[in-house]
Amino acid sequence: LALGLGRAQAGTEAEGVQFLEEYNAKAGMVLNKNVKASWNYYTNITEENLDIMTASNLEYAAFSKEVARNITTRFSNWNTYTNASVKRQFKKLVDIGFAAINDTEKLKSISTLEAELTGIYSTGKACLPEFGKGCLSLEPGLTDLMAGSRNYQELLAAWKGWRDASGKKMKSKYTQFVNVMNEAIAFSGYNDTGEYWRSWYETPSFEEDVKNLYEQLRPLYEQLHAYVRRKLMNKYGKQYFPDNGHIPAHLFGNMWSQDWGNIYDLVEPYPDATSVDITAKMLEKGYNITHMYRVAEEFFTSIGLDPMPAGFWTKSMLEKPADREVVCHASAWDFYDGQDFRIKQCTALTESQFLTVHHEMGHVIYFLAYVNQPVIFRDGANTGFHEGMADIVSLSFQTPEHMKAIGLLDEIPTDNKSDLNFLLKMALDKVAFLPFGYLIDQWRWSVFKGATTPGTYNHDWWDLRCQYQGISPPIERSEDDFDPGAKYHIPGNTPYIRYFVSYILQFQWHKALCDEIGYVGPLHRCDVYRDVSAGNLLREMLKLGSSKPWQDAMEVITGSREMSVLPMVEYFDPLLQWLKEQNKEENIGWSSSCPTNIPSPYPPSPTSASSNINPSTLLASMVLL
Ligand SMILES: CC(=O)N[C@@H](CC(=O)O)C(=O)NC[C@H](CC1(C(=O)N[C@@H](Cc2ccc(O)cc2)C(=O)O)CCCC1)C(=O)O
Ligand SMILES: [Zn+2]
């Protein structure tokens with residue numbers, strides 16, 4: 001790239017366009033090299049691959065810094081250009097985030113700390129000898145245990161064991177990580193990292209907007225919470241539930257209480273009516289891992305979107321390798337060369353994994369749709385859009401109609417009870433997630449701006465979990481613990497509000513697509529499968545990438561420029577009415593602060609004699625009984 005040096009010049013707009021073309025050619029190559037180095041570390045965690053990735057990250061940072069410096073010297077007047085796309089490209093190119101820091105060692109530490117924190121998370125194991133289990137990693141061992149165990153103490157041991165093996169080991173590193181990121185981002189003119197992350201939404205009222213959206217959905221969550229709390233009390237016994245309305249955090253079939261789908265069997269409204277057990281059907285139909293991906297691909301091609309490129313099938317990592325440590329947390333990768341796109345997933349033959357396959361492939365479909373955009377615009381309209389696209393297929397895919405269409409259900413149930421079974425199953429994912437998706441970055445934004453300090457990390461985390469989710473820790477927590485670190489996105493440094501935004505967007509878009517295909521009927525039974533007009537409308541939005549403000553992209557697909565909860569409220573309305581009826585005798589809600597007295601995790605001891613046994617041997621002795 002013939003990057004001239006020297007004094008500030010006011011390059012003409014035509015010269016600016018020329019510069020952008022040269023940048024695009026070079027950026028594709030530099031990014032491709034950088035993504036490959038990351039891919040090699042994430043699919044083979046070794047010191048050597050960590051060093052290579054770190055070096056590549058520094059190289060990429062130096063490149064983006066050089067580009068920004070050139071723009072400010074040679075095209076100092078870019079903001080006066082007339083072409084909106086040219087201006088937008090320059091605006092994005094001069095905002096280089098952490099790379100603006102003038103200390104290479106500190107920039108390097110951002111990369112190494114993130115890699116080390118992700119490495120601790122990805123290699124962490126919890127040993128549960130008292131329950132006849134060896135040492136389990138998160139995927140698949142602990143994930144399967146949290147999903148399938150109905151033993152209060154076993155769940156608790158896995159819940160605590162994972163936090164001891166992950167978050168507890170990260171606290172001091174994470175503190176350093178926050179400090180050096182904040183120091184670096186100041187060089188880009190941001191007060192803290194949270195302000196930088198929020199700037200990507202290009203919406204001054206963003207924090208207020210998401211708060212309002214959550215408040216509008218809270219009544220729906222509160223009804224679901226009250227119903228599930230009653231069912232879990234019946235299952236495990238009231239003695240384990242604090243008297244302030246909270247639910248112990250380890251009973252939801254999920255390590256983070258964020259998706260409650262795995263306890264559907266404990267909360268099913270009408271056991272005698274039809275419900276869809278996709279996992280069993282997949283095994284019955286002889287599914288293998290590749291077939292899961294072929295079925296997902298066929299959904300997208302059935303609505304006229306692109307198939308996976310040839311290289312996808314040879315270069316992806318679709319199963320956990322036996323011979324090396326990898327980052328199992330699923331992800332979709334764009335290699336920015338226009339034809340190399342991959343998924344990395346430790347795929348298992350389960351329903352929730354089948355949904356994740358659709359999710360990751362949804363990201364790849366978005367990558368493919370904006371492949372002709374300039375490199376700098378190859379991103380979602382905002383990061384919530386990328387997640388919304390990843391998830392929207394799940395709203396069609398999980399319907400009984402779709403399950404029958406792909407042979408995973410024999411008959412489509414039309415009775416009201418089966419319909420409520422289905423709606424509750426969807427709510428255990430989509431409604432249960434809302435407070436979790438909202439609170440993660442409430443905590444992180446508070447940490448970045450210094451309102452939450454290392455001395456209050458865990459206390460503030462549980463304050464938010466107790467307040468928004470109405471859950472509480474099943475055993476005492478302290479500042480020696482670092483429970484945020486037990487959730488991938490904290491060590492992985494992946495912002496999270498994007499998922500909350502995506503849960504709003506996916507229902508707005510689903511309604512728009514269902515209207516587009518002329519569907520009439522309840523929104524929750526709409527399946528856009530095999531209707532290319534749905535894919536055509538979706539593509540009109542996807543192909544924009546981040547070349548326009550997200551409000552323009554939103555308008556393309558829904559006709560509105562704003563996020564709205566109304567489609568989601570419409571979708572779940574039949575369930576909300578049913579829950580209100582079911583909860584007539586319940587105290588809806590919970591106290592916003594954590595319980596002062598956490599109920600003992602151990603059943604009342606049969607005799608006083610055993611009261612002097614310490615809990616872990618008591619635990620072991622109970623199992624032996
Ligand atoms: C190179 C790179 O990193 N690429 C990005 C994509 C991009 O930005 O282009 C990427 O692949 N990110 C990984 C991340 C993985 C998953 C995740 O972390 N999900 C959240 C929240 C959630 C949970 C349930 C659900 O149904 C939807 C969301 C969680 O598990 O808490 C794991 C399970 C599903 C999605 C992802 O795909 O979003
Ligand atoms: Zn995603």
Side-chain angles (χ1 to χ4, degrees), residues 31 34-43 53 114 118 121-122 138-139 143 146 197 200 252-262 296 316-317 327-336 340-348 350-371 378-395 397-398 425-441 484 486-507 542 545-546:
L31 258 174
N34 182 238
V35 174
K36 278 180 172 157
S38 294
W39 174 268
N40 290 341
Y41 174 71
Y42 277 68
T43 58
M53 179 177 71
E114 180 175 316
T118 302
Y121 185 93
S122 301
L138 179 64
E139 293 187 44
T143 302
M146 293 305 290
W197 285 5
W200 302 335
F252 293 98
N254 176 277
M255 186 58 87
W256 309 279
S257 329
Q258 73 179 72
D259 170 347
W260 303 354
N262 290 319
S316 291
M317 184 200 97
V327 176
C328 262
H329 195 80
S331 53
W333 297 62
D334 183 347
F335 284 76
Y336 292 101
D340 189 356
F341 305 90
R342 306 177 200 177
I343 287 175
K344 173 188 62 58
Q345 183 172 337
C346 300
T347 316
T350 66
E351 173 181 2
S352 82
Q353 282 277 305
F354 201 10
L355 288 173
T356 302
V357 166
H358 282 81
H359 180 100
E360 297 314 329
M361 199 172 280
H363 283 305
V364 179
I365 294 293
Y366 210 157
F367 298 151
L368 292 169
Y370 57 56
V371 71
R378 289 189 208 161
D379 200 351
N382 69 44
T383 48
F385 270 60
H386 232 298
E387 296 311 331
M389 173 55 209
D391 252 13
I392 185 172
V393 162
S394 72
L395 297 177
F397 171 77
Q398 292 182 95
K425 193 165 186 301
M426 292 303 290
L428 291 177
D429 171 2
K430 304 294 183 183
V431 176
F433 180 81
L434 294 171
F436 184 80
Y438 179 71
L439 73 85
I440 299 279
D441 279 350
K487 176 63 194 168
Y488 173 80
H489 298 70
I490 302 295
N493 208 37
T494 309
Y496 209 81
I497 198 69
R498 62 182 62 179
Y499 296 111
F500 177 76
V501 167
S502 89
Y503 273 50
I504 309 294
L505 295 178
Q506 63 188 264
F507 285 91
L542 298 174
S546 60

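We're numbering straight along the sequence, starting at 1. Read the numbers this way: they start at 1 and go in the same order the structure lists the ligands and their atoms.
Residue Ala390 places every heavy atom at 4.0 Å or more from ligand 1. Ligand 1 has at least one atom lying under 4.0 Å from a heavy atom of Tyr496.
At a cut-off of 2.8 Å, Glu360 is not counted among the residues with an N, O or S atom near the Zn ion (ligand 2). When distances to the Zn ion (ligand 2) are checked against a cut-off of 2.8 Å, His359 contributes an N, O or S atom below that limit.
For the ring pair (Phe, Tyr, Trp, His ring centres under 6.0 Å) test with Phe436, the passing option among Trp260, Tyr496, Phe252 is Tyr496; the others fail.
Atoms CD1 and CE, from Ile365 and Met389 in turn, are 6.0 Å apart once rounded to the nearest 0.5 Å.
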| field | side-chain contact (heavy atoms from CB on, under 4.5 Å) between Tyr370 and Asp334, intermediate numbers included | value | CA-CA 11 Å; Tyr370 57 56; Asp334 183 347; 4.0 Å; yes
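The shortest non-hydrogen separation linking Tyr121 to Ala486 is CE1-O, 3.4 Å. In terms of heavy atoms, Val327 sits closest to Lys344 at O-NZ, 2.6 Å. Looking at every heavy atom in both residues, Gln506 comes nearest to Leu395 through O-CD1, 3.5 Å.
The protein atom (non-hydrogen) at minimum distance from atom 15 (C) of ligand 1 is Ala330 O, 3.0 Å. In terms of protein heavy-atom proximity, atom 5 (C) of ligand 1 is closest to Ala332 O, 4.0 Å. Looking only at protein heavy atoms, the nearest one to atom 33 (C) of ligand 1 is Thr356 CG2, 3.9 Å. For atom 23 (C) of ligand 1, the closest heavy atom belonging to the protein is Gln258 NE2, 3.7 Å. In this structure, atom 38 (O) of ligand 1 lies nearest to the protein heavy atom Tyr499 OH, 2.7 Å.
At least one test fails for Arg378 against the ring of Tyr336: distance under 6.0 Å to the centre or angle within 45° of the axis.
Between the Ser316 side chain and the Ile343 main chain, a donor and an acceptor come within less than 3.5 Å of each other.
Considering backbone and side-chain N/O atoms, Glu387 comes within less than 3.5 Å of an N/O atom of ligand 1. Remark: ligand 1 and Phe436 share no N or O pair separated by less than 3.5 Å (distance only, no angle test).
Contacts with ligand 1 closer than 4.0 Å are made by side-chain heavy atoms of Phe367 only, the backbone lying farther away. Contacts with ligand 1 closer than 4.0 Å are made by no heavy atom of Leu355, backbone or side chain. At a 4.0 Å heavy-atom cut-off, ligand 1 does not touch Trp39 at all.
Looking at Leu138 and His329, their side chains never come closer than 4.5 Å, going by heavy atoms from C-beta outward. A heavy-atom distance below 4.5 Å is not found between the side chains of Leu505 and Ile392.
Residue Glu387 approaches the Zn ion (ligand 2) most closely through its N/O/S atom OE1.
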